[in-house]
Structure formats: C-alpha cells, structure tokens
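In what follows, every chain begins at residue 1, and chains take the letters A, B, ... in the order their sequences are listed.
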Number of protein chains: 2
Amino acid sequence: MDTADLQAFAARAGEVADILKLLGNRARLMILCKLAELGTASVGDLAEAIGLSQSATSQHLAKLRAEDIVSFRRDGQTLWYEVADPRLGRLLDSLHAIYCEDIT
Amino acid sequence: MDTADLQAFAARAGEVADILKLLGNRARLMILCKLAELGTASVGDLAEAIGLSQSATSQHLAKLRAEDIVSFRRDGQTLWYEVADPRLGRLLDSLHAIYCEDIT
DNA sequence: AGCCTAAATTAGCAACATCTAATGTAAGGA
DNA sequence: TCCTTACATTAGATGTTGCTAATTTAGGCT
C-alpha cells in the first residue's frame, strides 16, 4: 500500500473510530439503545432509563449532537431526541443482532 | 423498566461498550481492518501498514489480546496475529458494509 | 413579575488513554 | 557465545474523558 492509500485509509479509519469512540461509553451506548428502541425520548426519560444524572446525560447528548448522531425537536419545555444518522441506525441494529441475539 | 432490568441492561451495555472502546481508536481500528482483510499479519506488517511505531503497535495488540479479540501463533521469531472473536469478525463486516460501501 | 420544571452549560477534578524512549525477552544465525 | 531480529514491557509525560456541583437559559403557569 502506498503513501496516498495509507493516508486515505487512516483518514477513513479516523472518522469511523471517532463514531465508535462515542459508542464506546456505557452511558452513551445505553442512550442510543434506548433511542433505537423507543424511537424518541426526552432527556429526563433517558436519564432515568440509564440511571444517570440530568447533567451527565445532557453532556452525553451534547457529544452525540456534535457528531450529528442524534437530533431533537422541542415540544414546550421538553426536548424529544432521536437517532438522526441512518448509518448509526444500521450499526445499532448490527450490534443488537451480534451481541443481543438472546434478548427479545 | 425495573431495577433488575436496568442492571442487566447496564451490564450488557458495559460489556459491549468495552469492546467498542477498543475499536474507537484509529490505530486499533486500522489493525483490526488489516487483520480482517489479510486474515493474518505479523506485528511488523501491522506497524508498517498503519504507520505506527513497533512499541505502540504492540501495546495496542496487547489490549486487543486482553479482551480475546485477537490471538496469535508463533513461527520462529515472528508472531502471526488474527481476529479471534467471531462476533468481532461480524462487527467488522458490518462496519465495512456501512462505512466503506464505496471501497472495493 | 415571580416561580416552577426541563434542559444546557461551565468549572474543576480524578481517572484513564496513548504516545516515546528505554529496556527486557525470545529465537535464529555466525 | 555474541550479535541480530522480532516483539513485549515498563516508565513517564501529556492529553482526554466523565463525573459532580453550581449556574444559566428557555418555556409554561398563576
């Protein structure tokens, strides 16, 4: 593999690794699994569902937002989050198929 | 979801997140992609293929070994590594399908 | 306006990750 | 035995992560 190929490979691997880094945290993975399961959820719903504080949950959502992995719409005081990136939806499906085959 | 369900969910998410954390590093992801592509490779091969020092490459391999994601067999002075966990093989295939559809 | 709830943001700290440089170990060859 | 090659390991500096606590912003209600 020549230098240009290595750089292209490294660049793409870096992008994908950045996404996987976001999933490589228990709290964020739980958030994304919940969103995949429920379709949409508020910050409070998510915080309770994963057993984390409001602040910590919000900070995790900020990271996911920064990579355009999730989006939200406002309804009054409540923000409803959802998975925004279809590729991430596919990845979450794959993860479920591989690591949660035993779960209904 | 009751407390027992949350704990089971958290436990499983933690296990999967630990694996994804290993993939969430450019160098390690490149190593695993190379192993998936080549089937088997030596430490020196991998270090050169990803443009990293021998030491850093070896330390990444040590982390992957610790989670039983890769294994190796010795042939003289050379250690030949390969992907050991079939679920990780499936995950790498999925990642390739999702994020590298444009690559031959 | 004043108050409440929902969520975001900031500051700060402890824990963790990742590199380089140096050293150790194992195997083969002269 | 001595040297070389292939790889592992350790030590240490530096950057990053993920929490809590405190504060701020936004919206709805009386």
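Checked against dA26(C), dA17(C), dA8(C), the side chain of Arg74(B) finds its nearest nucleotide in dA26(C). Comparing atom distances between the Ser58(B) side chain and each of dG28(D), dC7(D), dT20(C) picks out dC7(D) as nearest. Distances were taken from every side-chain heavy atom of Ser53(A) (C-beta onward) to each of dT20(D), dC7(D), dT20(C); the shortest belongs to dT20(D). The side chain of Ala56(A) approaches dT20(D) more closely than any other nucleotide in the set dT20(D), dC7(D), dA7(C).
Both Gly76(B) and Gln54(A) lie close to DNA chain C; mapped to their nearest nucleotides by heavy-atom distance, the more 5′-ward contact belongs to Gln54(A).
Look at Tyr81(B) and you won't find any side-chain N or O under 4.0 angstrom from OP1 or OP2 of dA6(D). Within the 4.0 Å cut-off from OP1 or OP2 of dT17(D), not a single side-chain nitrogen or oxygen of His60(A) is found. For dA8(D), one of the phosphate oxygens OP1 or OP2 lies less than 4.0 angstrom from a side-chain nitrogen or oxygen of Arg65(B). Contact between the side-chain N/O atoms of Lys63(A) and the OP1/OP2 oxygens of dG18(D) is found at a separation under 4.0 Å.
Computed from coordinates, the Asp18(A) CG to dT17(D) P distance equals 9 Å when rounded to whole Å. If you measure from atom CG of Leu64(B) to atom P of dT9(D), you get 13 Å, rounded to the nearest angstrom. Distance Leu52(A) CG to dA21(D) P: 13 Å, rounded to the nearest Å. Atom CD in Gln77(A) sits about 9 Å away from atom P in dG27(D), given to the nearest Å. The CD1 atom of Ile50(A) sits 12 Å away from the P atom of dG18(D) (whole-angstrom rounding). Between Lys21(A) atom NZ and dG15(D) atom P there is a gap of 15 Å when expressed in whole angstrom units. Summarising the geometry, the separation between CG on Leu79(B) and C1' on dA27(C) is reported as 10 Å, rounded to the nearest angstrom. The CG atom of Asn25(A) sits 17 Å away from the P atom of dT16(D) (whole-angstrom rounding).
Counting atom types as modelled, Gln59(A) pairs no side-chain N or O with a base atom of dA8(C) as donor and acceptor under 3.5 Å. Put simply, the side chain of Ser55(A) and the base of dA7(C) share no donor and acceptor less than 3.5 Å apart.
For the pair Lys34(A) and Tyr81(A), the cation-pi criterion (under 6.0 Å, within 45° of the ring axis) is not fulfilled.
Side-chain N or O atoms of Asp93(A) include none that pairs as donor or acceptor with a backbone N or O of Arg90(A) at under 3.5 Å. Proximity of a side-chain donor or acceptor of Thr57(A) to a complementary backbone N or O of Ser53(A) within less than 3.5 Å is detected. Of the possible polar contacts, none joining the Arg28(A) side chain to the Leu23(A) backbone as a donor-acceptor pair under 3.5 Å is found.
For Glu48(B), the CD atom sits in a loose shell: 12 or fewer heavy atoms of surrounding residues, nucleotides or ligands are nearer than 6.0 Å.
Counting any heavy atom pair closer than 4.0 Å across all strands shown, Arg26(A) reaches no nucleic acid atom.
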